[in-house]
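These notes are about the structure you will find just below.
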Protein chains: 2
Amino acid sequence: MGLTKTEIFTDEQNQLATLLKAMAHPARIAILQRILISNTCICGDLVEELGLAQATISQHLKELKNAEIIQGTIEGVSICYCINPKTWKLLEKQLGAFLAEYKGETSCC
Amino acid sequence: MGLTKTEIFTDEQNQLATLLKAMAHPARIAILQRILISNTCICGDLVEELGLAQATISQHLKELKNAEIIQGTIEGVSICYCINPKTWKLLEKQLGAFLAEYKGETSCC
DNA sequence: GCTTTATATCGCAATATTACGATGTTTCTA
DNA sequence: TAGAAACATCGTAATATTGCGATATAAAGC
């Protein structure tokens, strides 16, 4: 086991779960926040700002890139990362719809 | 290792990561959607509706409960689960603010 | 071409997650 | 009070994640 049964769920459920999973780590949230603040992309600054090893940061960036939440382009010696607008919009739409489904506390538990 | 370095991050970052992690599984998204649709709580119906074993569903419910995203009350023999309004509102606020930080594609990568 | 700088990848150890059968626990009913 | 129904918990196997040191790779400048 230890393997999620993706066949059982809808594509939307799997997609949203994948996106959430990619963000579900404090380091990756911190990375995204840094990108959002600087608007313009950042790179190895992260290693200094967060207290994690270069290999670890690189790995987190890779996961965000795999989920297509961020994208990177070579900028000389370093690499410039920024938000992938397409995925971000998708996320806003999917998550927004999901969260909005809750209609207040119409008595229950 | 295999242990997240929570000391390094802010409480907000850790909290948001924990909430996202609790939702970052297709089964748990499916469970939440069912609760949102039925508004009124559900229980063992999930075992039939999703194709997972009772023990597995119970475990997923426990994780959602630990994250305080849902809450359950004893309803005779079965248990009634529903959204925890407080956490849901917190989630809407935190996630909303996070997602809204992105200001379009002001040229970068 | 060699060196420096900036990232990526590999390999590993520690720990976490996912799924499930088996077994406990609690509550209602006969 | 014994039995059934509905969940929860335990134990376990398979796999995934986290973090890092060491090493590889790529671009720029000399």
Verify same cluster id: A:Ile8, B:Ile42 (apolar side-chain graph, 4.5 Å): yes

* Within the side chain of A:Thr56, is there an N or O that forms a donor-acceptor pair under 3.5 Å with the backbone of A:Leu52? -> no

Those residues at least two apart in sequence (or on a different chain) that pass side chain to side chain contact (heavy atoms under 4.5 Å, CB included) with A:Lys65 are A:Ile70, A:Tyr81

Sorted by number, residues from residues 20-35 of chain A placing a heavy atom under 4.0 Å from DNA chain D are A:Lys21, A:His25, A:Arg28

Taking five pairs at each terminus, the helix from C:dG1-D:dC30 to C:dA30-D:dT1 shows an axis bend, to 10°, of 20°

| Side-chain touch B:Leu46/B:Leu61, heavy atoms, less than 4.5 angstrom | yes

B:Asn66 atom CG is separated from C:dA16 atom P, nearest whole Å, by 14 Å

Sequence neighbours excluded, the answer for ring-ring contact (aromatic ring centres under 6.0 Å, His included) partners of B:Phe9 is none

Do side-chain atoms of A:Trp88 reach the backbone of B:Leu99 as a donor and acceptor pair under 3.5 angstrom?
yes

From CD1 of A:Ile42 across to P of C:dT7 the rounded distance in Å is 11 Å

Requested in this report: Using a cut-off of strictly less than 4.0 Å, decide whether A:Lys62 has a side-chain nitrogen or oxygen near OP1 or OP2 of C:dT7.
Outcome: no

Under a 4.0 Å heavy-atom cutoff, the residues of residues 48-58 of chain A touching DNA chain D are A:Leu52, A:Ala53, A:Ala55, A:Thr56

Rounded to whole Å, the CG-P distance (B:Asn14 to D:dT18) equals 13 Å

Residues B:Glu101 and A:Leu36: closest non-hydrogen pair is CB-CD1, 3.8 Å

Side chain to side chain contact (heavy atoms under 4.5 Å, CB included) filter on A:Thr87, not counting sequence neighbours, yields A:Leu19, A:Glu68, A:Ile69, A:Asn84

From NZ of A:Lys5 across to C1' of C:dT17 the rounded distance in Å is 15 Å

Between CD of A:Glu7 and P of C:dT18 the distance, given in whole Å, is 15 Å

Quick note, salt bridge (charged side-chain N to carboxylate O under 4.0 Å, His left out) partners involving residues 7-18 of chain A, not counting sequence neighbours, are none

Applying side chain to side chain contact (heavy atoms under 4.5 Å, CB included) to A:Val47 and not counting sequence neighbours gives A:Gln54, A:Ile57

From CG of A:Leu61 across to P of D:dG19 the rounded distance in Å is 13 Å

Contacts satisfying ring pair (Phe, Tyr, Trp, His ring centres under 6.0 Å) that involve residues 26-46 of chain B (not counting sequence neighbours) are none

At under 4.0 Å between heavy atoms, what does B:Gln59 touch on the DNA or RNA strands: base, sugar-phosphate, or nothing?
base

Report yes if a side-chain nitrogen or oxygen of A:Tyr81 is closer than 4.0 Å to either non-bridging phosphate oxygen (OP1 or OP2) of C:dA6; otherwise report no.
-> no

The complete set of salt bridge (charged side-chain N to carboxylate O under 4.0 Å, His left out) pairs with one or both residues in residues 28-44 of chain A, sequence neighbours excluded, reads A:Arg28-A:Glu63, A:Arg34-A:Glu49

Separation of D:dA26 atom P from A:Ile79 atom CD1, nearest Å, is 11 Å

Residue pairs passing the ring pair (Phe, Tyr, Trp, His ring centres under 6.0 Å) test with at least one member in residues 24-71 of chain A, sequence neighbours excluded, are A:His25-A:His60

Determine whether A:Leu32 and A:Ile83 make a side-chain contact, defined as any pair of heavy atoms from C-beta on separated by less than 4.5 Å. yes

Atom NE2 of B:His60 and atom P of C:dT17 are separated, to the nearest Å, by 12 Å

Interface polar pairs with nucleotides 24-30 of chain C, N/O, under 3.5 angstrom:
none

